[in-house]
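Since we're looking at a predicted model, the values are computed, not measured. We use all heavy atoms of the structure for the numbers below, so side chains are in, but hydrogens, waters and symmetry mates are not.
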Amino acid sequence: MPELPEVEVSRLGISPLMIGQQISRITVRQPKLRWPVPQAIHQAEGYQILNIRRRAKYLLLDTEPGSIILHLGMSGKLRVLALNAPLQKHDHLIIALDNQHSLRLNDPRRFGACLWQGRDEPTLPLLTRLGPEPLTSDFDGERLYRLSRGRKQAVKNFIMDNAIVVGVGNIYANESLFLAGIDPRRQAGRVGQDKYQQLAEAIKQVLIGAIEQGGTTLKDFAQADGNPGYFAQQLRVYGRSGQACMVCETPVRAVVIGQRNSFYCSQCQR
DNA sequence: ATACGGCCCTGCGTGC
DNA sequence: TGCACGCAGGGCCGTA
């Protein structure tokens with residue numbers, strides 16, 4: 001999936017086409033996503049889309065009675081197409097707009113989600129337990145250092161924990177650790193303050209760079225206009241197992257950490 | 001509290 | 001050509 005940059009690129013792509021438009025109809029073709037799609041999302045029908053926000057990897061389509069929450073899971077894509085454009089396999093959700101266009105959520109693996117957050121309802125737990133956004137000043141090396149004391153898990157898993165910081169998935173965790181020169185297997189509690197400072201900056205830099213490139217397309221991801229993202233060309237370690245490190249030419253190693261494929265340079269990352 | 005494994009799905013590449 | 005298998009951007013939940 002889509003990690004934070006891909007979700008942000010999706011938001012930027014669909015926003016100018018959707019904000020200010022009125023939702024005419026919502027069609028759920030496949031209600032079995034990560035969670036059952038609730039009937040309550042139909043409350044948005046007839047209302048204008050006031051704003052589209054991102055929180056972690058969730059997108060929130062704000063309307064007067066509440067917000068439609070979308071998550072792209074591992075293979076989700078959002079596109080805005082003409083209302084009469086042919087349906088495609090795995091088009092699970094269609095949000096039709098008054099301007100004869102529609103948003104389609106296409107997600108082969110169905111790990112994505114569509115939920116409803118009513119305006120006057122308590123915030124969904126899945127939103128309240130999230131840590132800070134990585135691209136704000138709420139997130140810095142000091143936070144990483146403080147929360148990691150005593151933690152024995154691998155630093156890579158630590159930065160992928162949504163309670164620590166949101167939006168860092170497998171690709172960008174690998175890339176950030178490379179930039180910061182930290183071995184992804186290292187115990188989180190044994191990484192020093194200076195290294196965490198570098199890591200926080202690396203995370204910000206990598207995420208910003210990926211957003212600027214339209215995200216990373218490995219296979220499924222597409223921007224809202226259907227084009228791929230181009231950050232894959234700038235990946236330094238992810239998926240480059242056996243190839244020369246771009247800095248020192250040592251072959252990039254692949255290891256499994258927390259059931260996820262991980263890549264690092266044994267020379268540059270300690 | 002922390003940490004790990006399992007699980008929800010489909011599609012694609014690999015190797016026999 | 002066909003089939004079985006493993007693996008893929010995520011994240012919740014149950015269990016030690």
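B/dG5 and C/dC7 are spaced 14 Å apart, taking the P atom of each and rounding to whole Å. For the P atoms, the distance linking B/dC9 with C/dC3 amounts to 24 Å, nearest Å.
A salt bridge links A/Glu8 to A/Arg54: at least one charged side-chain nitrogen sits closer than 4.0 Å to a carboxylate oxygen. At a threshold of 4.0 Å, the pair A/Arg151-A/Asp161 counts as salt-bridged, since one of the basic side-chain nitrogens sits closer than that to a carboxylate oxygen.
Taking each heavy atom of A/Gln205 and A/Leu179 in turn, the nearest pair found is NE2-CD1, 3.9 Å.
In the displayed structure, A/Arg253 atom CZ is contacted under 6.0 Å by at most 12 heavy atoms of other residues, nucleotides or ligands. Around the CZ atom of A/Arg29, the shell of radius 6.0 Å holds more than 12 heavy atoms that belong to other residues, nucleotides or ligands.
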Tabulated below should be each protein N or O lying under 3.5 Å from an N or O of nucleotides 4-8 of chain C; please produce it.
| from | atom 1 | to | atom 2 | distance (Å) |
| --- | --- | --- | --- | --- |
| C/dA8 | OP1 | A/Asn261 | ND2 | 3.0 |
| C/dA8 | N3 | A/Arg109 | NH1 | 3.2 |

Name the pairs: protein N/O against N/O of nucleotides 14-16 of chain C, kept only if under 3.5 Å.
none

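Contact check, A/His71 against C/dG10: no side-chain N or O comes under 4.0 Å of OP1 or OP2.
Using a 4.0 Å heavy-atom distance criterion, A/Asp107 is classed as making no nucleic acid contact. A/Phe158 comes within 4.0 angstrom of no nucleic acid atom, judged by non-hydrogen atoms across all strands.
Scanning for salt bridge (Lys or Arg N to Asp or Glu O under 4.0 Å) contacts around A/Arg79 gives an empty result, with sequence neighbours left out. Applying the ring-ring contact (aromatic ring centres under 6.0 Å, His included) criterion to A/Phe263, with sequence neighbours excluded, gives A/Tyr238. Listed by chain and number, the residues in a salt bridge (Lys or Arg N to Asp or Glu O under 4.0 Å) with A/Arg25 amount to none (sequence neighbours excluded). In this view, A/Asp140 and A/Glu142, A/Arg143 satisfy the side chain to side chain contact (heavy atoms under 4.5 Å, CB included) rule, not counting sequence neighbours.
Proximity of residues 197-217 of chain A to DNA chain C (heavy atom under 4.0 angstrom from any strand atom) is restricted to A/Thr216, A/Thr217. Contacts between residues 87-95 of chain A and DNA chain B, counted as heavy-atom distances below 4.0 Å, involve A/Lys89, A/His90. Contacts of residues 144-154 of chain A with DNA chain B (heavy atom under 4.0 Å): A/Arg151, A/Lys152, A/Gln153.
Sorted by first and then second residue, the salt bridge (charged side-chain N to carboxylate O under 4.0 Å, His left out) pairs with a member in residues 105-124 of chain A read A/Glu64-A/Arg119; sequence neighbours excluded.
Ring orientation note: the planes of A/Phe231 and A/Tyr172 are tilted relative to one another, at an angle of 30° to 60°.
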Canonical and wobble pairing (Watson-Crick, G-U, under 3.5 Å) of DNA chain C, dot-bracket with |: .|||||||.|||||||
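Note that the first and last nucleotides of DNA chain B, 5' to 3', having any atom under 4.0 angstrom from a heavy atom of chain A are B/dA3 to B/dG11.
In this structure, the side chain of A/Arg186 engages the main chain of A/Arg270 through a donor-acceptor pair within 3.5 Å.
Atom CD1 of A/Ile19 sits about 8.5 Å away from atom CD1 of A/Ile14, to the nearest 0.5 Å.
Residue ring and nucleobase are not stacked for A/Phe111 and C/dG11 under a centre distance beneath 5.5 angstrom and an angle between planes beneath 30°.
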